[in-house]
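Computation of the quantities below employed the complete heavy-atom set of this structure, encompassing side-chain atoms and omitting hydrogens, waters and symmetry-equivalent molecules. Keep in mind that what you see is a predicted model, and the values were worked out from it rather than measured.
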Amino acid sequence: MAHTDHPTLRRVLRREIAGTIGLLTDDHDFRAMRRYRSFAFDDHTTYLQQVEALLKSRAAQGSHTTLALFDPEDYAAFCADTGLDPEAPASRSRFTARLAATGPTIPYDGRPLSTLVPALVDEAVRQATWEYATALLTRLGPCATCGEDIGRAAFTRAADLLVRILDTAPPGDRHLVCSVSGPPDTLVSVLNADARTEGPPELDEAEALEFTSVLALGLATRGPGGLVMRVSTPGTTDRVHGWRLRGGALEPLTASEVFDAYCTDADTGEIISPEPGVDYCSPPDLGKDPGDDDGKAAPDHRH
């Protein structure tokens, strides 16, 4: 290496620099960026093709690249706050660098953009849902009676419930959906727990954090909602279990109630055909809810 020329050394170093591309995922955001004269593209399809070609080129050179969601409105606000010229490509680079540190990102792993874009959007939605649920939990403040932080207590309780749901579930891959209704929005969170031959199921940490926060919000606010778990095992029919959120607690649904929930169109209320190869079942017993005030468990602020 001591006899290698400087240009070669720089090429070696270039392979060790991680990069981030701020991606305009839809036509609406792409059109918003066209107001800047320095933005060279005039067709979204061509733009995505060029991005994909660049990603493949960097991967072939051994470089790691991360994709971030580029929001034109956030970019304009960033430039206004920092005094940067939004027309300057360097300003876009600085904004993208900030996204790499604070925003939703996914690594480029060789998959086509047609697959990666939905994954990036899902990551952005998950982060936004978690931030929103966390903000609402924080605003609840302390209990007027006992002084305990309501949001923190609800999160602890939700985490315990999630562990017991997974521990008591039938073996297989578990797909959980939690929805909490309330003003101004309904929050929906999805958690996938892949089965292992031994030990606890494998969870995505970000998914689990978001899911627990949404469940905690439903418990803390005592708002209406529900939790559904679908268990899949190769060679057998899928099993679907459900609970309703009511009065700050999870109540198990009967098999017929789970069937009715799955076979009713949420928008129209009309009956739809049951899915073949699926059993609608009552959920396993979760045991005593730690929110039940028996003098030993932590209070759930129903007082």
Which heavy atom of [X] sits nearest to which heavy atom of [Y], and what is that distance?
{"X": "Glu210", "Y": "Arg126", "result": "OE1-CG, 2.9 Å"}
{"X": "Ala76", "Y": "Arg35", "result": "CB-NH2, 4.1 Å"}
{"X": "Leu219", "Y": "Ala154", "result": "CD1-O, 4.2 Å"}
{"X": "Thr65", "Y": "Arg58", "result": "OG1-NE, 2.6 Å"}
{"X": "Thr105", "Y": "Ala68", "result": "CG2-CB, 3.9 Å"}
{"X": "Ala220", "Y": "Leu137", "result": "CB-CD2, 4.1 Å"}

Please determine whether residues [X] and [Y] belong to a single hydrophobic cluster, defined as Ile, Leu, Val, Met, Phe, Trp and Tyr linked transitively by side-chain heavy-atom distances below 4.5 Å.
{"X": "Val121", "Y": "Met33", "answer": "yes"}
{"X": "Val177", "Y": "Leu187", "answer": "no"}
{"X": "Leu24", "Y": "Leu120", "answer": "yes"}
{"X": "Leu209", "Y": "Leu227", "answer": "no"}
{"X": "Val125", "Y": "Leu176", "answer": "no"}

Requested in this report: Can you tell me which residue pairs pass the ring-ring contact (aromatic ring centres under 6.0 Å, His included) test with a partner in residues 216-260, sequence neighbours excluded?
Outcome: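 Applying ring-ring contact (aromatic ring centres under 6.0 Å, His included) to every pair that reaches into residues 216-260, excluding sequence neighbours, yields Phe259-Tyr280.
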Report task. Check step by step if salt bridge (Lys or Arg N to Asp or Glu O under 4.0 Å) holds for Arg230 and Glu275. Result -> CA-CA 12 Å; Arg230 181 167 181 155; Glu275 187 178 350; 2.9 Å; yes
Is the backbone N or O of [Y] less than 3.5 Å from a side-chain atom of [X], with the two atoms forming a donor-acceptor pair by type?
{"X": "Thr82", "Y": "Phe78", "value": "yes"}
{"X": "Glu148", "Y": "Ala153", "value": "no"}
{"X": "Arg152", "Y": "Ile150", "value": "no"}
{"X": "Arg174", "Y": "Pro170", "value": "yes"}
{"X": "Glu251", "Y": "Arg244", "value": "no"}
{"X": "Thr102", "Y": "Arg98", "value": "yes"}
{"X": "Thr233", "Y": "Pro171", "value": "yes"}

[atom1] of [X] to [atom2] of [Y]: how many Å apart, nearest 0.5 Å?
{"X": "Thr221", "Y": "Leu136", "atom1": "OG1", "atom2": "CG", "result": "8.5 Å"}
{"X": "Leu54", "Y": "Ile21", "atom1": "CG", "atom2": "CD1", "result": "4.5 Å"}
{"X": "Leu253", "Y": "Asp260", "atom1": "CG", "atom2": "CG", "result": "10.0 Å"}
{"X": "Leu116", "Y": "Leu55", "atom1": "CG", "atom2": "CG", "result": "8.0 Å"}
{"X": "Glu52", "Y": "Ser57", "atom1": "CD", "atom2": "OG", "result": "12.5 Å"}
{"X": "Arg92", "Y": "Leu99", "atom1": "CZ", "atom2": "CG", "result": "13.0 Å"}

Requested in this report: Would you sort out whether Thr212 and Leu191 count as a side-chain contact (heavy atoms from CB on, under 4.5 Å), showing the intermediate values?
Outcome: CA-CA 9 Å; Thr212 306; Leu191 176 64; over 6 Å; no
Check whether the side chains of [X] and [Y] place a donor and an acceptor atom closer than 3.5 Å, and report yes or no.
{"X": "Asp238", "Y": "Ser232", "answer": "yes"}
{"X": "Glu123", "Y": "Gln127", "answer": "no"}
{"X": "Ser91", "Y": "Asp85", "answer": "no"}

Do the side chains of [Y] and [X] get nearer than 4.5 Å, heavy atoms only?
{"X": "Leu250", "Y": "Leu161", "result": "yes"}
{"X": "His175", "Y": "Val190", "result": "yes"}
{"X": "Asp173", "Y": "Val231", "result": "no"}

Query raised in the report: Would Arg94 and Leu84 satisfy side-chain contact (heavy atoms from CB on, under 4.5 Å), going step by step from the backbone distance to the final call?
Result: CA-CA 9 Å; Arg94 288 183 60 175; Leu84 294 174; 3.3 Å; yes
Query - Thr96/Phe70 under side-chain contact (heavy atoms from CB on, under 4.5 Å): CA gap, chis, key distance, verdict - result: CA-CA 7 Å; Thr96 301; Phe70 195 104; 3.9 Å; yes
Report task. Could you walk me through whether Val117 and Leu23 pass the side-chain contact (heavy atoms from CB on, under 4.5 Å) test, one step at a time? Result -> CA-CA 9 Å; Val117 165; Leu23 189 63; 3.8 Å; yes
Requested in this report: Test salt bridge (Lys or Arg N to Asp or Glu O under 4.0 Å) on Arg164 and Asp160 and set out the steps.
Outcome: CA-CA 6 Å; Arg164 286 190 287 127; Asp160 181 86; 2.8 Å; yes
Requested in this report: Just say parallel, tilted or perpendicular for the rings of Tyr36 and Tyr75, cut-offs at 30° and 60°.
Outcome: perpendicular
Report task. Quickly, which of Val188, Val214, Leu215, Leu245 forms a side-chain contact (heavy atoms from CB on, under 4.5 Å) with Ser179? Name it, please. Result ->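 That would be Val188; it is the only one of Val188, Val214, Leu215, Leu245 passing the side-chain contact (heavy atoms from CB on, under 4.5 Å) with Ser179.
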Query raised in the report: Under the ring-ring contact (aromatic ring centres under 6.0 Å, His included) test, which residues partner His44, sequence neighbours left out?
Result: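 Phe30, Tyr47.
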